[in-house]
Structures are given as C-alpha cells and as structure tokens.
S.K.: 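Just passing along the structure, written as structure tokens.
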Amino acid sequence: MERLNFQAIEKKWQLTFEKEKLYNSKGSKKFYCLEMFPYPSGKIHMGHVRNYTIGDVIARFKFMNGYNVLHPMGWDAFGLPAENAAKENKLHPKNWTEKNIAEMRRQLKLMGLSIDWDLEVSTCDEKYYKHQQEIFIDFYNKGFVKRKENYVNWDPVEQTVLANEQVVNGKGWRSGAVVERKKLSQWFFDITKFSEDLLKGLDDLNYWPDKVKIMQRNWIGKSIGCEIKFDIEGENNKINVFTTRPDTIFGASFLAVSVDHPICSNFLKDEKYIKFKNECLKVGTTEEALANAEKIGFDTKLFAAHPFIKGKKLPIFVANFILMDYGTGAIFGCPAHDQRDLDFAKKYKLEIKEVVSDNPSKPKNFNKISEAFVGDGTIVNSKFLNGLKVEQAKNKIIKEIEKLKIGKKKITFRLKDWGISRQRYWGCPIPMIHLKDGTIVPVEKSELPIKLPDDIDLNQSGNPLENHKNWKNTVYKKTGEPATRETDTLDTFVDSSWYFLRFCSPKSKSEPFDITKVNYWMPVDQYIGGIEHAILHLLYSRFFMRALKKNNNKIKDNEPFKGLFTQGMVCHETYKDLNGKWLNPTEVEKNSDGKYQKILDKTEVKVGPSESMSKSKKNVVDPESMIKSYGADAVRWFILSDSPPEKDIQWSNQGVNAAYKFLQKIYNLCFIVNERSEKGNTLDKDFDLKMNSYINKITKSINNFNLNVVVANVYEIYNLFNDYLNKNISGEILKKNLSKLMKILIPFTPHIAYECLEMLGEKEIKNWPQVDTKLILKEKIKMAIQINGKTRDVIEIEKGINQVSVEKLCKGNLKVKGKLSNRSIKKIIFVKDRIINFIIES
RNA sequence: GCCCUCGUGGUGAAAUUGGUAGACACAAAGGACUUAAAAUCCUUGCCCUUUUGGGAGUGCCAGUUCGAGUCUGGCCGAGGGCACCA
C-alpha cells in the first residue's frame, strides 16, 4: 500500500492553485461565485470550512465546464467583537482585527480554495470605507437617508447603548443594571420606500430557496387594510386607526394607541400615566420581548364614538403592544377575533362580541373561551355586513367608510426603516457634520475618507468618538465656520451590502466600483452562506442594489444575487463543567468509564445536546488541527459527505477519519491501475457504460447541490473499480475511467485529484468529463413487477420496452407466474421503465 | 408570542419528485489474515420460518390512490429568525 503523504501533496498543489486563478480563464460565459465573507473573529471555524468548501466545489465545477469564474474573498472587518476584545485584551481593535485577518487568511489558504486573493478587500480598510462614505452621501443627496428618533437599549450604569445580545434577561451583560428603552435621534436608510419593489422582486428570484423568499415576504409584510378616523367624545380631535380587519368593526369594544402616540402628550403630568410609561420602557426593544410581555394598558378615560353604531362609546387605552412605527400607532380592538385584543379585553373587563362565525347557528361566548377566532367565516351581529364572508365584508365596509369620508383603503408594510446609527468606535464614520445652527450637512467628497482616530479610549462609558478629545471638531469648508462631526458610525450591515460590487474592481480608487466590470460580473450567479442571513443581510443588499441603481442608472441589475444557497450549520455536542462554565471539546476527554471529564482537573463534565458551533457555547472544533491530522482534502470530503448541504451537520472525528481512509484507498487505487496492462475484453463496454451513467448522475447532482449524493456515487464508483480489478478487464479502460473519476474529484478534493491525474499522465485536466448521451440510452433499467401494489420481483431489461413485451416477460417469470395463473387480472398498470402492476382478485 | 424549516434503522442519510423504502457510509457484532495488536478484507443487521418464502415498517391519527416517505387534513416533537451578534 502506497502511503498518502498529504502534507507534501497539499503544499505542492496549493502553490499551483494560487497561480491558476480561475477568473483568468477565457471562458465565454461568466460565473460569479461568492460565499458570504467572514467576520475576522480570530480563527476560521467549521462553518467557514463548510461554506467555502461548498463554494469551491461550485467555482471549480463551473470553471471546468468552461465558465469564466470570479471567486473572491474578503473580510467583514468592522463590528462589536473587536471592541470587546480591545477592552479585555488591551489590544487596539485595528491591531486585533488585522492580526485575525492575517491568521484566517493563512488558515483559509490551507484549504486549497480556488480563491483569487488579489481581489481581497477588508471593510475596515479606509480604501474601502472611503467609498462607503461616498455612497452614503449619494444616498443622502438622493433622499434615501433620513433622521428620526428610535428606541435603543440603554445601560444606565455604563451610560452606553447595548446591542440586543448584550442584554441578558433584561439586564446589561457587564453592569447587571436593568436596561431601559431610551429614545435617540438616529440615521436611517429609507428602505421602506422600496417595500413594494423589494416584495415584487422576489417573484423573479427563481434560484432562491422558497423558504427564504417566504421569510422575506413575511418580513416585508404587506397588508391591505384601511384607516378609520374615530371622533373623540367631547374633543375636536380624531384618532386615525389602521386595521387589516375592517370587517370586524362591529365587534370593536375599545381603541388602543401607542405610548408614543401624539394623544399621550395630554397625560405627561398624570402620575398614573408616568408610572405606566415607565413600565412600558422596561420591556426590551426586540419584537420577541414585546410579544411576550404582559399586555398592559392605561385608561385615558376618553371615549371614541363608534362610526357605525350610534351612541356606542369605545374607551381609549394606551397599550404596550401597539407600536408607533406600524400603521398609525392606533388600533380598534375586536377581542373575539384577535388574540392580543382578547387577552387585553379580559384583563380590563371590556365587552367581547362575536362578529365572525364558522357556525352562525351556534353563537360563542368568548368570555369563556381563551382563544380568539381568527379564521374565515360568516359575519354576524354586524348590520349590513351580516351573512357576508370575511373577504366580501372587508370590501363592502371599506367602500362604506370611503363613502362616509371617515377613512380610506390603505396598504401598510411591516418593514421598518433601516436604523444605521451605532454609538460605537469600530465602524465606518458617518460623513456628516453638525453646524452651529443645528443643521446637518454632508462633508465634501474631497475630504473623504473621514478616518477613524487611532488614539481611542474604549474603557470610558458612552460613545467613544463623542468622548474623543478633539476628533469631532472640524470646520465646515463652505463657510469656514467651526462644526462638529457626526460621532455615530454605520451599522456593519452597510459594509456587507455592497462588498460584492467592490469585488468586481477592488482596486478602483476614484469610484466605489467600475461600472463596466460590475455590469460584466453582476449579478452574483451563486451566493452561498448561512440561513441565519435569510432576512437582514440579503434584504439590505437587495435594497442597496436598488438605491445604487437609482443613483447611477448605468447599473443594469436590480437584484444582487441571482442564485442563493443557504447551507446548514455545523453542530457539535456542548460541554459544561460543574460550575456551569462552557468547555471546548479540547478541554474535555473520555475517562475509562466512557464518561466525559475535564482534562485539567478530572472533574465531571455535563454533556449537552448538539448545537450549532458557537463561541459562546465553546462547542467549536478547530479546523486547522483537523487539517493537520487528516489533510485538507479529507476535511473537505467529510464536510460534504453524509448530510445534504442545506441541512445541519454533526461534526464527528470518526467521520473525518473515514474520509481520510477513503482518500488513502483512492490514492492506492491509482498506483494499482497505473501498473495494469491487460488487453481489453467484453467487460470493457460494460464498464464504460456504468462510468458514463455515474458521470451523468454526478453532473446533475452538483447542479442541484446534492453534494452528499455525489460523495455516495463516488464511493460506488470506487467499489465498481474494486469489483472489476478482479475481473479480466483492460488496464487502458481502467486508466481512462480512473482519470475521469479524478477529474470528478477535482472540485471536492483538489490536491489529491491533481496529484493522481499527474501520476496517470493526464494532460487535459481543465475540462469536466463529458456525458455520452448515446451510451445513456443503452443503459439497462430495473423494473419492479408488482401484484396488487406489492413488489414480487425485479427484472433487468432494456430501456423503452413496451407493455406487451413486459407482460410476456412477466408471464414467463418464475416468481410471478404462479401467482398470476388461475386469477382473473382486473387491471394492469404499466409505467414505462418503472413498474408493472397487476391488479388481481384477492 | 409571531414567521420559517425539519421528523426515514443504533447513527448520518438515499429514494429518478406519486412507482423496488433504507443506496452509500459511520458505529456494532461475528469471521479471515496476524504470535499479537493496528491496518485490510468478508459476513450479519425488524418479526415469523430450517430454507424457499411470508409479514410489519418512513413521528402519531385519518384521508385520496392500483400504488404514499412523497399529496390533503388534524395532532405531537425538534431546530432557526425576530430588525444593535455577524
């Protein structure tokens, strides 16, 4: 057995890969293959390995099929962890990030990826964020940027805005102080202007997973409803309410408005209201927190007049579950047909009237039912709407409302404007300046980039740039008057919303991107990344593309990503020590009883369920140590085997070991085949036929991302070779077909594949093995013979045989013959090349 | 709470999209080779039957169909996202 020296082989071929550069090919068709660029957290993790291996398979496969391929890599380098690391390790975020990038670049190169490293970009590089600032100013001038107030998580002890992940059980992760909701004036991108277009655009994304499109549709949340103006009793004022269920208007029993609704200004001195408002501010800013919070209200003692029931007064509440940024910030409550309203009505003892019924002959008493009825049904107790279905009633009542001029049909989106202000240091500075008179203007483009200061104190509380001794002091060029810089930095999602454009011309100095190159390479043909980005990153990028196009009408595409593939996560068991501290798998060993213990002090370790690898749970396996032990090819091979790429995968050392063993066998096979020289015989054609069939299957599987099936097929091909080695078959045929197998392996395990192809003396290694369609027709198929739907035998026959001939074969078939004789055949179902099913009397 | 996804042997899974359920692997057990171990190779894998053979079976319960892992309805369970982690 020839030992596989993978260290030497991988080193040898990685030098070739660096020089090869897929994008330099002269293919006539282009293919932009992009994997989501990583955050430089320190070291690459298995999620990266999976992501980039899948991407590399696609890039290399397309290249071998004659495409001109763009396959770049960069760094999503701004973000919170750099600041946290700076606080913990006293290392400047810039140095920390650059160190991590160097380390991760080195590690990625160990994987043998077909990346063109000349195109590398880093978002924290001023050469990159300079252009981002330009884009921001362009967007500002186009009216895509606005300023408004928004709630943030406020840590009253640290005097700092916290990220959602820094809020643990409603408390600051460091200070432990109860986090408050605080309003800040912030910058926003006007993504809601594009709601309709972003929604419509989804229809054309034929190469996106349906689930992602569904999630985005729901996120944008278009709903058709209407606005209704309610008169406030005894006041001149009206409350404008938005509802998607105008058909339930006769079941209305109260009005509820948001704490931020203008009407609330009447109660600012009311102690009860102040107390209520403080309660509301204790609930976090996430939608989850709001949805789970107990529904509470403040009774304004005001009443609104029901527009269709004369004399009926509806109490007006301020309620914590009404959001000012959705609809009009006010609703009418119909408890019988909305769960939140029902919970609220029961708490405040409000009327509950059924107006939609799935069984009108049996009225329901919702005072005794805990679940609201939200389904379709017939309208009841609703005067002129009675007897209509929900949809009909909606149309009729909207017409009526419009006729009475008390409201109108209205389309509302759930999508909110994109808040892009961050009170943090490690991000792209927002290129705006504040003048003395309070106006805010963009800086001159000639002044870009607005660089981050290097000297920064991150241990102070508050906004670091705000606290910097002189960074924010500047001069407004136009007038020469002193001014202050905007001290907020941009959300890091902005960085990743256009990096795919930058990759088309990463060195461009004068512009964010070269329009000719962008129009050649874009859209990204295949984008690959984690499902966790299904909504935000992908939606923001789609918005950016549209906004950029409006700004520069030379851009031809609306959509940045033509094809999308969302890979599953890499999971591993979790470990905790006796103090409940998470442990890394390398800190844990199995003792003689097969139980896990801590290596350090041999104390017991609690094994938790397998979850996606995350730094916080420490259940991560270091890819580099795996590559050192088994080789990059084996790690790549394992991560593609077994589980379909879109599903979660369990990391297993046994699995990667098995992959290594298989590669060793393949390598050995190469030596054996190379030395055979028998003359051909009748089995040769058979072998060619089977190999051709596999190439056909594998080509299809790669196009469908069924990479685990490809792996299984390759195992079958190996078994085929093993079978035929013991038979009298020509060495030439074996060699020719082994070359084909090795070419198939190039995208998967490139180092060993190139090595073996070199050994086999194969010169033409750039092309994917072609399928001979004539040979496909000659394949035999297996047909099941069923009696009453149960398979009784399977016969091997030529393709395309008709029913009559198959019936004849069956009547002569030993296993079936007996069962068919003396029985009357009621029916025969025949599906060509699949099955024949005899229905007989039982 | 809302939205999305997924449930097939001891394990990861496959199944030409309504047509042979469990391909291909991992683990296990038994065997071969070996002084021994490792490595490698072979065999086995639900129930009944000595074999031939027969039966059950894709989370659970119904339904459609000649035929359901695949379609429909209901239930149960697991995971992901929820706008300042990226």
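The model shown is predicted, which means the values in this text are computed figures rather than measured ones. Chain naming here is simple, since letters A, B, ... match the order of the sequence lines and numbering starts at 1 in each.
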S.K.: Using a heavy-atom cut-off of 4.0 Å across all strands, would you classify A/R340 as base, sugar-phosphate, or nothing?
M.R.: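 Contact class for A/R340: none.
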
S.K.: Using OP1 and OP2 only, check whether a side-chain N or O of A/R792 sits under 4.0 Å from B/G54.
M.R.: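 Yes.
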
S.K.: Roughly how far apart are A/L205 CG and A/Q216 CD, rounded to 0.5 Å?
M.R.: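 A/L205 atom CG to A/Q216 atom CD measures 8.0 Å (nearest 0.5 Å).
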
S.K.: Which is true for A/E646 with a 4.0 Å heavy-atom rule: it touches a base, it touches only sugar-phosphate, or it touches nothing?
M.R.: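 Nothing: the residue A/E646, judged by heavy atoms under 4.0 Å, touches no strand.
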
S.K.: Closest to the A/K416 side chain: B/A83, B/A86, B/U20?
M.R.: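 Of all the options, the side chain of A/K416 is nearest to B/A83.
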
S.K.: Expressed in angstrom and rounded to an integer, what is the separation of A/W187 atom CH2 from B/C84 atom P?
M.R.: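 In whole Å, B/C84 P lies 18 Å from A/W187 CH2.
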
S.K.: Between B/A14 and A/N708, is there an OP1 or OP2 to side-chain N/O distance shorter than 4.0 Å?
M.R.: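 Affirmative; the distance criterion is met.
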
S.K.: With a non-hydrogen cut-off below 4.0 angstrom, is A/F493 in contact with a base, only sugar-phosphate, or nothing?
M.R.: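 Touches a base.
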
S.K.: Quick one: sort the A/Y667 and A/F671 rings into parallel, tilted or perpendicular, breaks at 30° and 60°.
M.R.: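 Geometry flag for A/F671 against A/Y667: perpendicular rings.
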
S.K.: I want to check one thing: is the phosphate of B/C4, taken as OP1 and OP2, less than 4.0 Å away from some side-chain N or O of A/N218?
M.R.: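 Affirmative; the distance criterion is met.
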
S.K.: Whole angstrom is fine here: how far is it from CZ in A/R414 over to C1' in B/C2?
M.R.: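 Taking CZ of A/R414 and C1' of B/C2, I get 8 Å after rounding.
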
S.K.: Using a 4.0 Å heavy-atom cut-off across all strands, classify A/P644 as base, sugar-phosphate, or nothing.
M.R.: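 Since only primed, P, OP1 and OP2 atoms lie under 4.0 Å of A/P644, the category is sugar-phosphate.
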
S.K.: What nucleic acid atoms does A/K211 come within less than 4.0 Å of, heavy atoms only: base, sugar-phosphate, or nothing?
M.R.: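 Since only primed, P, OP1 and OP2 atoms lie under 4.0 Å of A/K211, the category is sugar-phosphate.
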
S.K.: Heavy atoms only, 4.0 Å cut-off, all strands: where does A/G655 land among base, sugar-phosphate and nothing?
M.R.: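 Answer is nothing: A/G655 stays at 4.0 Å or more from every strand.
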
S.K.: Does A/W219 have A/R414 sitting over its ring (NZ/CZ under 6.0 Å from centre, angle to axis within 45°)?
M.R.: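 Flagged: A/R414 positioned over aromatic ring of A/W219.
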
S.K.: What does A/W219 touch in the nucleic acid at a heavy-atom separation under 4.0 angstrom: a base, only the sugar-phosphate, or nothing?
M.R.: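 If one applies the 4.0 Å heavy-atom cut-off, A/W219 turns out to touch a base.
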
S.K.: Classify the nucleic acid contact of A/S641 as base, sugar-phosphate or nothing, counting any heavy atom under 4.0 Å across all strands shown.
M.R.: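 It contacts nothing in the nucleic acid.
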
S.K.: To the side chain of A/I829, which of B/C84, B/G19, B/C4 is closest?
M.R.: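 The closest nucleotide is B/G19.
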
S.K.: Taking atom C1' in both B/G12 and B/G81, compute the distance separating them and give it to the nearest angstrom.
M.R.: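 To the nearest whole Å, 26 Å.
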
S.K.: Strictly below 4.0 Å, heavy-atom distances to any atom of RNA chain B: list the hits from residues 714-723 of chain A, or just say none.
M.R.: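 Nucleic-acid contacts, sorted: A/Y715, A/E716, A/N719.
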
S.K.: A/M569 CE to B/G12 P: how many Å, rounded?
M.R.: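 For the pair A/M569 CE and B/G12 P, the rounded distance is 16 Å.
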
S.K.: Parallel, tilted or perpendicular, judged at 30° and 60°: which one describes the rings of A/H533 and A/F493?
M.R.: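 Perpendicular.
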
S.K.: Should the pair A/F189 and A/F543 be assigned to parallel (<30°), tilted (30 to 60°) or perpendicular (>60°) ring geometry?
M.R.: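 Answer is tilted, since the angle falls between 30° and 60°.
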
S.K.: Taking atom P in both B/A21 and B/G57, compute the distance separating them and give it to the nearest angstrom.
M.R.: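 After rounding to an integer number of Å, I get 12 Å for this pair.
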
S.K.: For A/L415, which contact category applies under a 4.0 Å heavy-atom criterion: base, sugar-phosphate, or nothing?
M.R.: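 It contacts base atoms.
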
S.K.: State whether A/K647 places a side-chain N or O below 4.0 Å from either non-bridging phosphate oxygen (OP1 or OP2) of B/A78.
M.R.: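 It does not, given that no N or O in the side chain of A/K647 lies less than 4.0 Å from OP1 or OP2 of B/A78.
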
S.K.: Look at the side-chain N and O atoms of A/T286 and state whether any lies under 4.0 Å from the OP1 or OP2 oxygen of B/C82.
M.R.: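 Result: no.
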
S.K.: Is the phosphate of B/A83, meaning OP1 or OP2, less than 4.0 Å from a side-chain N or O of A/N164?
M.R.: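 So the side chain of A/N164 is within the cut-off, an N or O lying under 4.0 Å from OP1 or OP2 of B/A83.
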
S.K.: Please determine, for the side chain of A/Q654, which listed nucleotide (B/A27, B/A15, B/A86) has the closest atom?
M.R.: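 Of all the options, the side chain of A/Q654 is nearest to B/A27.
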
S.K.: Determine, for A/F188 and A/K148, whether the Lys NZ or Arg CZ falls below 6.0 Å from the six-membered ring centre while staying within 45 degrees of the axis.
M.R.: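 Geometry flag: set, cation within 6.0 Å and 45°.
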
S.K.: Please confirm whether A/F662 and A/W637 have ring centers closer than 6.0 angstrom.
M.R.: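 Close enough - the centres of the two rings lie under 6.0 Å apart.
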
S.K.: Between B/U16, B/C84, B/G81, which one does the side chain of A/N153 approach most closely?
M.R.: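 That would be B/C84.
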
S.K.: Using the ring of each side chain (for Trp, its six-membered ring), is A/F321 parallel, tilted or perpendicular to A/F344, with breaks at 30° and 60°?
M.R.: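 Answer is perpendicular, since the angle exceeds 60°.
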
S.K.: Verify the contact: side-chain N or O of A/S643 to OP1 or OP2 of B/G12, cut-off strictly under 4.0 Å; return yes or no.
M.R.: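 Checking B/G12 against A/S643, no side-chain N or O comes under 4.0 Å of OP1 or OP2.
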
